[in-house]
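This report concerns only the one structure given below.
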Amino acid sequence: MLTLYGREIASHLLLGTALYPSPAILAEAVKASHAEIVTVSLRRETAGGRSGGAFWSLIQSLGVKVLPNTAGCHSVKEAVTTARMAREVFGTDWIKLEVIGNHDTLQPDVFGLVEAARILASEGFEVFPYTTDDLVVAERLVEAGCRLLMPWCAPIGSARGPQNVGALRSLRGHFPDIPLIVDAGIGRPSHATAVMELGYDAVLLNTAVAKAGDPVAMAIAFAKAIEAGHLAYQAGMLDPRDMAVPSTPVIGKAVFS
């Protein structure tokens, strides 16, 4: 069971709600994956006009926990204002905090991220910070009041998979008691399995599912891959070895002369 800000969640998969071919396919993918948390952009809702209201009704009908995000914000002021608006619109203290620093890579502005996290945490928000895999930044976010971390494994939508496994492993080792959710850069179910085998608690996906040829089937594939990685980590995996180790006992074997 995954515990996020005091709330127990059975699924280790969080789904984004953008880019799907249709609202109906989005709904089917969420149901098929058994995801209990979906992210929703306030900017998309406010820009959607009448369709925005219909979209929100659809999300409510799925019976999932909504995690609003500040996607598209490029400054502390913009992110904080968006978060405050999202709390009013969606009626939750949860916020996925994004402060983008680079237009091409969509890499977080980690300085602005820490500042915005500190402001929002002081106002009672429960912050889900989208960050890099930098250990020092992670420490500053925890000091600012974040009780979980969401490091990327590659740029948003790049589908590259884990680019710095060593850094991800270091974060897990340094924060053994803090939930870690990989956010951004996952492209294949095998990528999701790999990060879960590192001991991560969950994976947040959007593009890899929404832009697949069959988003519903892909949502199921990711759900199974994530669960497989989680179970493997809990079971205790063998470490790689330089030499072969026989699986058949050698004691008592027949000797021919």
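- In this structure a side-chain-to-backbone donor-acceptor pair under 3.5 Å is missing from Ser158 to Ala154.
- Connection of Leu141 to Ile100 is not established within any shared hydrophobic cluster, with ILVMFWY side chains joined at heavy-atom distances below 4.5 Å, either directly or through further cluster members.
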Scan the side chains in residues 170-178 for donor-acceptor partners under 3.5 Å anywhere in the protein, sequence neighbours excluded, and list what turns up.
| residue | atom | partner | partner atom | Å |
| --- | --- | --- | --- | --- |
| Ser170 | OG | Gly166 | O | 3.0 |
| Arg172 | NH1 | Gly199 | O | 2.9 |
| Arg172 | NH1 | Asp201 | OD2 | 2.8 |
| Arg172 | NH2 | Phe175 | O | 2.5 |
| Arg172 | NH2 | Ile178 | O | 2.8 |
| His174 | NE2 | Glu139 | OE2 | 2.7 |

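- Counting heavy atoms of neighbouring residues, nucleotides and ligands inside a 6.0 Å radius, atom CZ of Phe111 does not exceed 12 of them.
- Counting only distance, with no hydrogens or angles, the side chain of Tyr200 and the backbone of Leu168 share a donor-acceptor pair below 3.5 Å.
- Here the closest non-hydrogen pair linking Cys153 and Ile186 is SG-CD1, 3.7 Å.
- Not a single donor-acceptor pair under 3.5 Å links the side chain of Glu227 to the backbone N or O of Ala223.
- In this structure, His230 NE2 and Gln234 CD are separated by 3.5 Å, a value rounded to the nearest 0.5 Å.
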Just distance, no hydrogens or angles: give the donor-acceptor pairs under 3.5 Å from side chains in residues 125-132, sequence neighbours left out.
| residue | atom | partner | partner atom | Å |
| --- | --- | --- | --- | --- |
| Glu126 | OE1 | Trp94 | NE1 | 2.8 |
| Tyr130 | OH | Leu106 | O | 3.3 |
| Thr132 | OG1 | Asp134 | N | 3.3 |

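- Around NZ of Lys65, the count of heavy atoms belonging to other residues, nucleotides or ligands within 6.0 Å exceeds 12.
- Within the structure, salt bridge (Lys or Arg N to Asp or Glu O under 4.0 Å) contacts touching residues 85-113 (residues at least two apart or in different chains) are Arg87-Asp93, Lys96-Glu98, Lys96-Asp183.
- Between Arg118 atom CZ and Leu113 atom CG the span is 10.5 Å, to the nearest 0.5 Å.
- Ile37 CD1 to Arg7 CZ: the interatomic distance, rounded to the nearest 0.5 Å, is 7.5 Å.
- Atom OG1 of Thr193 is separated from atom CZ of Phe222 by 9.0 Å, given to the nearest 0.5 angstrom.
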